[in-house]
Amino acid sequence: MRWSQFFITTTKETPKDATAPSHQLMLRTGMIRQLAAGIYSYLPLGYRSLRKVEEIVRDEMNRAGAIELHMPVLHPIELWHQTNRVEAMGDVLLRLGGPEGDWRSQTVLGPTHEEVITEIARAYLGSYKQLPINLYQIQVKFRGEARPKSGVLRTREFLMKDAYSFHDSVESLDEGYKKMYAAYCRIFARCGLPYVAVEAESGPIGGDASHEFMVLTDAGEDYVALTEDGSYAANTERAVCAPLPAETAEMKALEEVHTPGQRTIDEVTAFLKLTPDRMIKTLIYTGTLTAGAEASKKAKPQEMTFVVLVRGDHEVNENKLNRVAGARLELATPAVIQALTGAEVGFAGPHSLKGTPGADFRLIVDQAVSVMQNGATGGNRTDYHVINVNPGRDFAVTGEGVVTADVRTVVDGDLAASGNGSPIRLRKAIEIGHVFKLGTKYSTSMKSHYLDKNGKSHPHIMGCYGIGLTRTLAAALEAYHDENGAVWPMSIAPFEVLIVSLDPNEPEVISTAQRLHDELSAAGVDVLWDDRDERAGFKFKDADLIGVPLRITVGRKSLADGVVELKRRSSPDVEKVNPAEAGAKAIAMVGEAKAALMAKADKAVR
RNA sequence: CGGGGCGUAGCUCAGUCUGGUUAGAGCGCCUGGUUUGGGACCAGGAGGCCGUAGGUUCGAAUCCUAUCGCCCCGACCA
C-alpha cells in the first residue's frame with residue numbers, strides 16, 4: 001500500500017479535548033474521528049488495527065471450539081422484561097423511542113446479548129446431546145453511558161466479542177469456563193498486551209466464578225490489588241487480605257469529649273489531633289433481607305437496620321457488606337440514624353446505641369475495628385465524640401445480632417490473605433475482558449430448558465465471556481507509546497513494515513523502495529510505503545507517530561553506501577543492510593515477532 | 001444527575017473583560033518557485049451565519065436570556 005493512495009490523517013497538534021494518551025494518539029494518528037460524545041468512526045488506519053484484534057479473537061475462539069454467529073442489534077423490549085433487566089439496566093438500555101404503542105417504543109438497542117442467545121437456546125438446545133456448546137459473535141453494543149470518557153476506552157457504541165456457553169452440569173461449565181479463560185490468556189498474549197487476570201466480583205454464584213482481564217494503566221477506572229510476590233490478583237471490589245493483628249495497648253477509660261460541629265473523619269481527626277486509623281467510623285444502613293428471597297418472593301420484604309463499623313482510614317466494601325449482611329444495604333435516612341443514636345447525623349458510635357443488637361439492629365464489625373484499642377468514635381450525643389473506645393469492652397464483637405467480618409476494601413500495604421506476608425499493592429487498571437459463570441439466572445427466567453438422558457427437564461447452565469475489542473485497542477496504546485507516538489506490537493499494528501523513501505527524484509531510491517514493497521507484499525507482509533514528496537524529517541515524525549513496528553529507510557545517502565536502513569520502532573538502533581537482502585531480512589523479523597507473540601500465547605495460561 | 005471548564009476555519013488558538021471598518025494568526029489544504037536524512041522557506045489563494053435562538057443597541061464574536069453540544073472531576077456502570 002502506498003501512503004499517497006491510502007487515507008492517513010496525522011496531525012502535529014494534540015486535540016485539546018483528549019487527555020488520555022490512547023485518545024490523544026488515536027486522534028493524532030487519525031485512527032478515529034469523534035462524531036459525538038462516546039461515538040467514533042474508525043478511520044482506515046484505526047480500522048486495520050481493530051480488524052487485527054478481531055481476527056486474533058476469532059481465531060482463538062474458534063480454536064477453543066466456540067462457534068460464531070451473529071445476533072441483531074435491535075431487541076424487542078419484551079425479551080428484557082422476561083429477565084427483569086429493563087429496570088436493572090435503567091438508562092443504560094437505549095430505547096428507540098417513537099410514539100407509544102408504535103413498534104419503536106417496544107424496541108431497544110442491545111447493550112449485551114444474554115437474552116437473545118437464551119431465546120435461541122430455548123428454541124434449539126433442547127437435548128443434553130447438544131451440550132456443551134459455546135456460541136459467540138463480534139458485534140456492536142450500545143449503552144447509554146452517563147459519561148463517556150477517555151476516547152475509545154468508554155463509549156456509547158463499541159465493538160465487543162461476546163460468547164455464551166450452555167452446559168448440562170456444573171462440571172461441564174467449569175470446564176467450559178477454563179477453556180475460555182485459557183483462550184483469553186492466549187488472545188491477550190497474542191495481542192502483545194501486558195494483561196493480568198484478576199478475581200472479580202462474581203454475583204450470585206460466588207467462589208471463583210468470575211475473572212477480569214486487566215491492563216494496568218492510569219487511564220483505567222478500576223483498581224486491582226496485586227501482591228508483590230505475584231501470588232494473588234483481584235479487583236478491589238472483591239480483594240481480601242490477611243486479618244490485622246490485635247493491638248496490645250493498655251485499655252484506658254472511656255471518655256467523652258466536646259467536638260462542636262465536627263462531623264466528618266477529617267474534621268474530627270483534625271480537632272482531636274488523631275490520625276484516621278485511630279477512628280471507628282460508625283455507618284448506619286437500612287437493609288432489605290435477601291436470604292431465602294427465592295422462596296419468599298411473595299412475602300413482604302423485611303427491613304432491618306445495620307450498624308457497620310470500619311476504621312476511619314478504611315472504606316466499606318458494599319459487595320462484601322451485602323454478602324455478610326445477607327441483605328442489600330443502603331445508607332439509612334437521618335430519621336433512622338437520629339432514632340438509633342439520639343444525636344444528629346455525624347455523631348454515631350457503637351457503645352451506647354438505643355436498642356439491643358439482634359432485636360433492634362444488627363452490628364457488623366469490620367475485622368480491622370475488632371482488633372483496635374482505645375479508638376475514637378461518635379458519642380451518640382450531638383457535638384460529642386468519645387475516645388478510648390475498646391471493642392469487646394464497650395461494644396460487642398460477637399453474640400446475638402453481632403458479627404465480626406471483613407467488610408472493607410483492601411488498602412495498599414495490606415498483606416496477602418494467604419498469610420505469606422507479601423504486601424498488596426493497588427494499581428489502576430482498565431478491564432478488557434471478563435469471563436463469568438452465569439449459572440441458570442437467564443435460563444430459569446426465560447425458561448430455556450434441555451432434557452437429560454432420563455427425559456428430565458433442567459434449565460441450561462450458562463457461562464458468558466466478553467472482550468471489548470475497541471477498548472483492547474486503546475489499552476494497547478496506553479501500554480505501548482512514547483513521547484513520539486505509538487509503538488504497536490507486531491500482531492495488531494495497522495501495518496507491519498513501513499518503507500520510507502527519501503529523495504523522490506532519485507530513480508534508484510524509488511525503484512529500490514518499489515522492489516522492497518513488492519517483495520514484502522508478495523510475502524504476505526502488511527507493508528506501507530511512504531512515497532510522499534515530503535522532507536525526511538516530516539516523514540520520520542509521521543513514521544514514529546503511527547508506530548509501525550519495523551521501518552525500512554531508503555535514501556540517496558545510504559544507497560550510495562550500498563545499504564538501506566532497518567529500524568524497529570521500539571529501539572533507537574539502526575541496522576544497515578544490503579538492499580538485496582533487506583526484504584528477506586524484514587520478512588524474517590516480522591515472522592519472528594509474530595512467532596514470539598504466538599509462543600507467549602502457548603505458555604500464557606496463568 | 002451534581003461540580004468545574006469550553007464552543008471563533010479541518011486542527012491548535014488570539015480577539016470577548018472595556019460593543020465600533022471587510023473577524024485574525026499558526027498548522028493543514030490549493031497554485032507557482034526555492035529547498036530536501038528528524039515536522040523547511042517565499043509569493044499568491046480557497047476556507048467562517050464567531051454552536052443555535054431570542055433580546056438590548058445606531059451598531060453584537062463581544063452585553064443579557066434561553067437552549068444545544070463537547071471535555072474534566074464526582075455519582076452511576078448488565
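The sequence lines fix the lettering, A, B, ..., with proteins before strands; numbering per chain opens at 1. Since this is a predicted model, take the numbers as computed values, not measurements.
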Novice: Does B:G32 pair with anything, Watson-Crick or G-U wobble, both distances under 3.5 Å, and if so, with which nucleotide?
Specialist: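 Pairing partner, where one exists within any strand: B:C42.
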Novice: The criterion is salt bridge (charged side-chain N to carboxylate O under 4.0 Å, His left out); which residues satisfy it with A:R408, sequence neighbours excluded?
Specialist: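 So A:R408 forms a salt bridge (charged side-chain N to carboxylate O under 4.0 Å, His left out) with A:D366, A:D414.
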Novice: What residues, two or more places apart in sequence or in another chain, satisfy side-chain hydrogen bond (donor to acceptor under 3.5 Å, both in side chains) together with A:Y480?
Specialist: none
Novice: Select base, sugar-phosphate, or nothing to describe what A:R551 touches, counting heavy atoms under 4.0 Å on all strands.
Specialist: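 Base contact.
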Novice: Could you list the residues that satisfy ring-ring contact (aromatic ring centres under 6.0 Å, His included) with A:H314, not counting sequence neighbours?
Specialist: none
Novice: Give me the distance, rounded to whole Å, that separates B:A53 from B:U34 when you measure between the P atoms they each carry.
Specialist: 48 Å
Novice: Looking at B:C1, which nucleotide sits across from it as a Watson-Crick or G-U wobble partner, both distances under 3.5 angstrom, or is there none?
Specialist: B:G74
Novice: Taking any strand in view, what nucleotide pairs with B:C17 in a Watson-Crick or G-U wobble way, both distances under 3.5 Å?
Specialist: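 Answer to the pairing question: none, since B:C17 forms no Watson-Crick or G-U pair.
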Novice: Can you tell me, in whole Å, how much space there is between the C1' of B:A25 and that of B:G19?
Specialist: 23 Å
Novice: For the C1' atoms, the ones on B:C68 and on B:C13, what distance do you get once it is rounded to whole angstrom?
Specialist: 23 Å
Novice: Pairing check on B:U67: which nucleotide meets the Watson-Crick or G-U wobble criteria with it, both distances under 3.5 Å?
Specialist: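 Across all strands, the one nucleotide that pairs with B:U67 is B:G51.
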Novice: Tell me, which of residues 557-569 of chain A have any heavy atom that sits under 4.0 Å from an atom in RNA chain B?
Specialist: A:K557, A:S558, A:E565
Novice: On a whole-Å scale, what distance lies between the P atoms belonging to B:U12 and B:C71?
Specialist: 13 Å
Novice: A:Y442: which residues meet the ring-ring contact (aromatic ring centres under 6.0 Å, His included) condition with it, sequence neighbours left out?
Specialist: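 Expected list: none.
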Novice: Across the strands shown, which category fits A:P15 at heavy-atom distances under 4.0 angstrom: base, sugar-phosphate, nothing?
Specialist: sugar-phosphate
Novice: Applying salt bridge (charged side-chain N to carboxylate O under 4.0 Å, His left out), can you list everything that pairs with A:R532, at least two apart in sequence or on another chain?
Specialist: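 Per chain and number, A:R532 pairs via salt bridge (charged side-chain N to carboxylate O under 4.0 Å, His left out) with A:D530, A:D542.
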Novice: Using the C1' atoms only, state how far B:U67 lies from B:G74, rounded to an integer number of Å.
Specialist: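 Their C1' atoms lie roughly 25 Å apart.
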Novice: Which residues in residues 23-40 of chain A have at least one heavy atom lying under 4.0 Å from any atom of RNA chain B?
Specialist: A:R28, A:Q34, A:A36, A:A37
Novice: Apply ring-ring contact (aromatic ring centres under 6.0 Å, His included) to A:H167 and list each qualifying residue two or more places apart in sequence or on a separate chain.
Specialist: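 None.
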Novice: Pick the C1' atom in B:G15 and in B:C73, then give their distance to the nearest Å.
Specialist: 30 Å
Novice: Does A:F495 have any ring-ring contact (aromatic ring centres under 6.0 Å, His included) partners at least two apart in sequence or in another chain, and if so, which?
Specialist: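 For A:F495, the residues satisfying ring-ring contact (aromatic ring centres under 6.0 Å, His included) (neighbours in sequence not counted) are A:F6.
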Novice: Give one of base, sugar-phosphate or nothing for A:K539, where a contact means two heavy atoms less than 4.0 Å apart.
Specialist: nothing
Novice: Identify the nucleotide, in any strand shown, that forms a Watson-Crick or G-U wobble pair with B:G59, with both distances under 3.5 Å; if there is none, say none.
Specialist: none
Novice: Between A:T14 and A:D503, which is nearer to the 5' end of RNA chain B once each is assigned its nearest nucleotide?
Specialist: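 Per heavy-atom nearest nucleotide, the more 5' residue is A:T14.
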Novice: Reading RNA chain B from 5' to 3', where do the contacts with chain A start and stop? Cut-off is 4.0 Å to heavy atoms.
Specialist: B:C6 to B:A78
Novice: Using the P atom as the reference point in each nucleotide, state the distance between B:A9 and B:G48 in Å, no decimals.
Specialist: 10 Å
Novice: Base, sugar-phosphate alone, or nothing: which one does A:D91 contact when heavy atoms must sit under 4.0 Å apart?
Specialist: nothing
Novice: Main chain of A:H434, side chain of A:H211: is a donor-acceptor contact present, judged purely on distance under 3.5 Å?
Specialist: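 No, the answer is negative, given that no donor and acceptor are paired below the 3.5 Å cut-off.
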Novice: Using heavy atoms to find the nearest nucleotide of RNA chain B for A:T19 and A:P504 separately, return the residue whose nucleotide is more 5′.
Specialist: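 The residue mapped nearer the 5' terminus is A:P504.
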Novice: So what does A:D533 touch, heavy atoms closer than 4.0 Å: a base, only the sugar-phosphate, or nothing?
Specialist: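 A:D533: no heavy atom of the nucleic acid under 4.0 Å.
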Novice: List in chain and number order the residues that pass salt bridge (charged side-chain N to carboxylate O under 4.0 Å, His left out) with A:K141, two or more places apart in sequence or in another chain; answer none if no residue qualifies.
Specialist: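 Only A:D162 meet the salt bridge (charged side-chain N to carboxylate O under 4.0 Å, His left out) criterion with A:K141.
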Novice: Regarding A:D313 and A:K281, does a basic nitrogen lie under 4.0 Å from an acidic carboxylate oxygen?
Specialist: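 Looking at A:D313 and A:K281, the cut-off is not met.
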Novice: Any pair with a residue in residues 69-96 of chain A that passes salt bridge (charged side-chain N to carboxylate O under 4.0 Å, His left out), sequence neighbours left out, goes on the list, sorted by first then second residue, please.
Specialist: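 Sorted pair list: A:R85-A:E114, A:R85-A:E115.
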Novice: Could you tell me whether A:F213 and A:Y181 have their ring centroids closer than 6.0 angstrom?
Specialist: yes
Novice: Are A:T155 and A:P148 packed together at the side-chain level, in the sense that at least one heavy-atom pair is separated by less than 4.5 angstrom?
Specialist: no
Novice: What nucleic acid atoms does A:S501 come within less than 4.0 Å of, heavy atoms only: base, sugar-phosphate, or nothing?
Specialist: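 Since no nucleic acid heavy atom lies under 4.0 Å of A:S501, the category is nothing.
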Novice: Distance check, P atoms only: B:U21 and B:U62, in whole angstrom units.
Specialist: 14 Å
